> 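Structure provided below as structure tokens; questions to follow.
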Amino acid sequence: MKQDLKSLPLDELTAALAALAQPPYRARQLYQWMHRKLAPSYDAMSNIPNSLKALLKKNFEYTSLQQQLVQESRIDGTRKYLFSLADDNCNESVWRRYHQRNSVCVSSQVGCRMGCRFCASTLDGLNRNLLAGEMLDQIYAITRQTGERVSNVVIMGSGEPLDNYDNVTRFIRMLSDEHGLHISQRNITLSTCGLAPRIRRLADEGLQITLALSLHAPTDEKRKRLMPVAYRYSLEEVLDACGYYFEKTGRRVTFEYSLVRGVNDNKEEAHQLIRLLKSHNCQGCHVNLIPVNPIEERDYQGTEPGKVKAFQNLLDQNGINATIRREMGRDIDGACGQLRRRQLKENAGKNPASAEPADS
Ligand code: SAH
């Protein structure tokens, strides 16, 4: 398979063009067309000669995601995009605006092999990793469509980013590169289910991104019920790795805690969570609470709003900063992998349900 031009950082692009007897300024021009001006194809590249375009087409792929569907939430304006990829796969991304900022949630894999019980992305396993260019293009396509600059990026869509380590770190470097969109690494968050050795490796990368850990339970026993990855890495190992991340980067780790009715949401569990975080020196850390977004293949339900608030109060009273995350885009299959899954089913003719927003 040919290399993807959009996945090459400037130094690699320069070397690849040199191999085709092209001078370095051509690499800079091309990089600018792809990563600054967000050209969807070679057509727009007015200062690149046709002979070079032909040469590039022969030697490289040029990632360009095609928008298949966009759904806008009537509750909060959040938009969910479904993009088709060159190989007939598709992936989803979410755009939201809050407090004058625009954030995009990108997917890092087609499907996922982590098996979290409440997550729709993982139901059919992993199909393949996304390339850096395919992650970048989710942001580029959305920027073109909205006409607004993206200020924050969260790698919290489908997939486990640390299971696609090389492409994801490449993506982060290119996204924050001054020759591209130049999004500050401090405005990029990577969320992981907790691959401890990879968290340590990430800590040594010299990046300034925020790490979010999907915790979801205060004990190994409970966590195993929700997340098979807990059989591989204990909470002890994962939280130690998070401590190492903080030590190396100075960036505090955020904890994600999806509240599942009757499974991880009672007072005792809140106290266990407080003890766990305190025993790992996480006093200054932040917990995001989000009632689980139910998926039709599982019978998990989100915690009732009053109990979510009580859980938050307990954490707060005990010195653990906790925010209740707004459930954005609930009416548009907001949770990971739900939209793609719905579309796949429709394509297969198994589910006649419409892909229109639920409240239309
Ligand atoms: N694999 C990474 C990132 C993708 S999921 C991770 O596990 O962190 C992003 C976040 O959404 C994770 O915290 C994940 O556990 C959570 N999530 C997935 N499906 C959900 C659902 N149906 N309801 C609530 N949170 C969900």
Side-chain angles (χ1 to χ4, degrees), residues 78 80 91-94 96 103-126 129-130 135 138 153-165 167-168 171-172 188-196 198-199 202 209-217 222-230 232-233 238 241-242 245 253-261 263-265 286-303 308 311 323-342:
T78 296
K80 188 139 192 174
N91 83 285
E92 55 188 63
S93 319
V94 180
R96 42 182 75 125
S103 98
V104 172
C105 173
V106 299
S107 294
S108 55
Q109 296 179 314
V110 180
C112 183
R113 56 177 179 162
M114 296 297 129
C116 297
R117 302 285 298 158
F118 46 79
C119 179
S121 301
T122 202
L123 290 166
D124 294 321
L126 176 66
N129 284 330
L130 290 180
M135 290 180 253
Q138 296 173 46
V153 171
V154 294
I155 311 170
M156 280 196 186
S158 292
E160 167 49 47
L162 297 186
D163 189 35
N164 182 15
Y165 191 91
N167 289 323
V168 166
F171 158 70
I172 293 166
I188 301 174
T189 298
L190 181 152
S191 178
T192 176
C193 64
L195 303 179
R198 295 277 167 95
I199 292 176
L202 187 70
I209 59 170
T210 301
L211 178 69
L213 175 74
S214 295
L215 196 55
H216 304 327
K222 268 276 150 76
R223 203 160 181 263
K224 283 175 187 165
R225 280 178 55 188
L226 293 171
M227 308 173 73
V229 69
R232 258 162 79 200
Y233 305 109
V238 176
C242 290
Y245 189 86
V253 177
T254 299
F255 298 97
E256 307 287 323
Y257 197 101
S258 295
L259 289 155
V260 189
R261 192 180 298 189
V263 176
N264 62 0
D265 62 350
H286 197 96
V287 177
N288 280 321
L289 299 171
I290 179 166
V292 89
N293 205 334
I295 58 173
E296 66 182 43
E297 290 80 0
R298 302 271 189 263
D299 55 8
Y300 291 127
Q301 295 300 316
T303 298
V308 175
F311 202 95
T323 315
I324 300 173
R325 274 221 324 244
R326 289 189 290 149
E327 288 174 89
M328 288 196 265
R330 195 185 183 117
D331 57 333
I332 50 165
D333 295 319
C336 288
Q338 286 189 13
L339 179 61
R340 170 171 173 265
R341 199 169 161 77
R342 175 119 75 108

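On a predicted model such as this, the values are computed, not experimentally measured, just so you know. Both counts, for ligands and for their atoms, begin at 1 and track the order of listing.
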> Taking ring-ring contact (aromatic ring centres under 6.0 Å, His included) as the definition, give me every residue that meets it alongside Phe118, ordered by chain and number, with sequence neighbours left out.
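Once residues adjacent in sequence are excluded, the partners of Phe118 under the ring-ring contact (aromatic ring centres under 6.0 Å, His included) criterion are His216.
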
> Under 4.0 Å, heavy-atom basis, I'd like to know which part of Thr192 is in contact with ligand 1: side chain, backbone, both or neither.
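Contact part for Thr192 vs ligand 1: backbone (N, CA, C, O).
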
> Near Cys119, which atoms of ligand 1 are under 4.0 Å from a heavy atom of that residue?
18 (C), 19 (N)

> Could you check if a side-chain atom of Ile199 sits within less than 4.5 angstrom of a side-chain atom of Val253, using non-hydrogen atoms only?
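A side-chain contact under 4.5 Å is absent here.
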
> At a 4.0 Å cut-off, with the gap strictly under it, does some heavy atom of Met227 reach an atom of ligand 1?
no

> Going by heavy atoms in the side chains, are Ile209 and Leu202 under 4.5 Å from each other?
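SC-SC contact between Ile209 and Leu202 confirmed.
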
> Output the list of atoms in ligand 1 that are nearer than 4.0 Å to some heavy atom of Cys193, sorted by atom number.
6 (C), 7 (O), 8 (O)

> Does CZ in Arg113 sit with more than 12 non-hydrogen atoms of other residues, nucleotides or ligands closer than 6.0 Å?
no

> Using a heavy-atom cut-off of under 4.0 Å, does the side chain or the backbone of Met114 touch ligand 1, or both, or neither?
neither

> For the pair Ser108 and Glu160, evaluate side-chain hydrogen bond (donor to acceptor under 3.5 Å, both in side chains) and give the outcome as yes or no after the intermediate values.
CA-CA 7 Å; Ser108 55; Glu160 167 49 47; over 6 Å; no

> With heavy atoms only and a cut-off of under 4.0 Å, state how Glu160 meets ligand 1: side chain, backbone, both or neither.
both

> Would you check whether Pro161 has a nitrogen or oxygen atom less than 3.5 angstrom from a nitrogen or oxygen atom of ligand 1?
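No; every N/O pair is 3.5 Å or more apart.
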
> Got Arg298 and Leu123 here, is their nearest side-chain heavy-atom distance under 4.5 Å?
yes

> Which ligand 1 atoms does His216 reach within 4.0 Å, using its non-hydrogen atoms?
13 (O), 14 (C), 15 (O)

> Within the 4.0 Å heavy-atom shell around Val292, which atoms of ligand 1 are there?
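Within the 4.0 Å cut-off of Val292, ligand 1 contributes 21 (C), 23 (N), 24 (C).
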
> Starting at CG of Leu211, measure out to OG1 of Thr254 and round the result to the nearest 0.5 Å.
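Going from the CG atom of Leu211 to the OG1 atom of Thr254 covers 8.0 Å.
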
> Between the candidates Gly157, Cys116, Ser191, which shows the shortest non-hydrogen contact distance to atom 4 (C) of ligand 1?
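Selected option, by shortest heavy-atom distance: Gly157.
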
> Any chance the side chains of Ser158 and Gln109 put a donor and an acceptor closer than 3.5 Å?
no

> Give yes if a backbone or side-chain nitrogen or oxygen of Met156 is under 3.5 Å from a nitrogen or oxygen of ligand 1, and no if not.
no

> If the condition is ring-ring contact (aromatic ring centres under 6.0 Å, His included), which residues does Phe311 pass it with, not counting sequence neighbours?
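Phe311 satisfies ring-ring contact (aromatic ring centres under 6.0 Å, His included) with Tyr257 once adjacent residues are dropped.
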
> For Gly159 and ligand 1, answer yes if some heavy atom of the residue is under 4.0 Å from a ligand atom, otherwise no.
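True for this residue.
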
> Which atoms of ligand 1 are found less than 4.0 Å from any heavy atom of Ser214?
6 (C), 7 (O), 8 (O), 12 (C), 13 (O), 15 (O)

> Is Ser121 in contact with ligand 1, taking contact as a heavy-atom separation below 4.0 Å?
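Under 4.0 Å: no for Ser121.
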
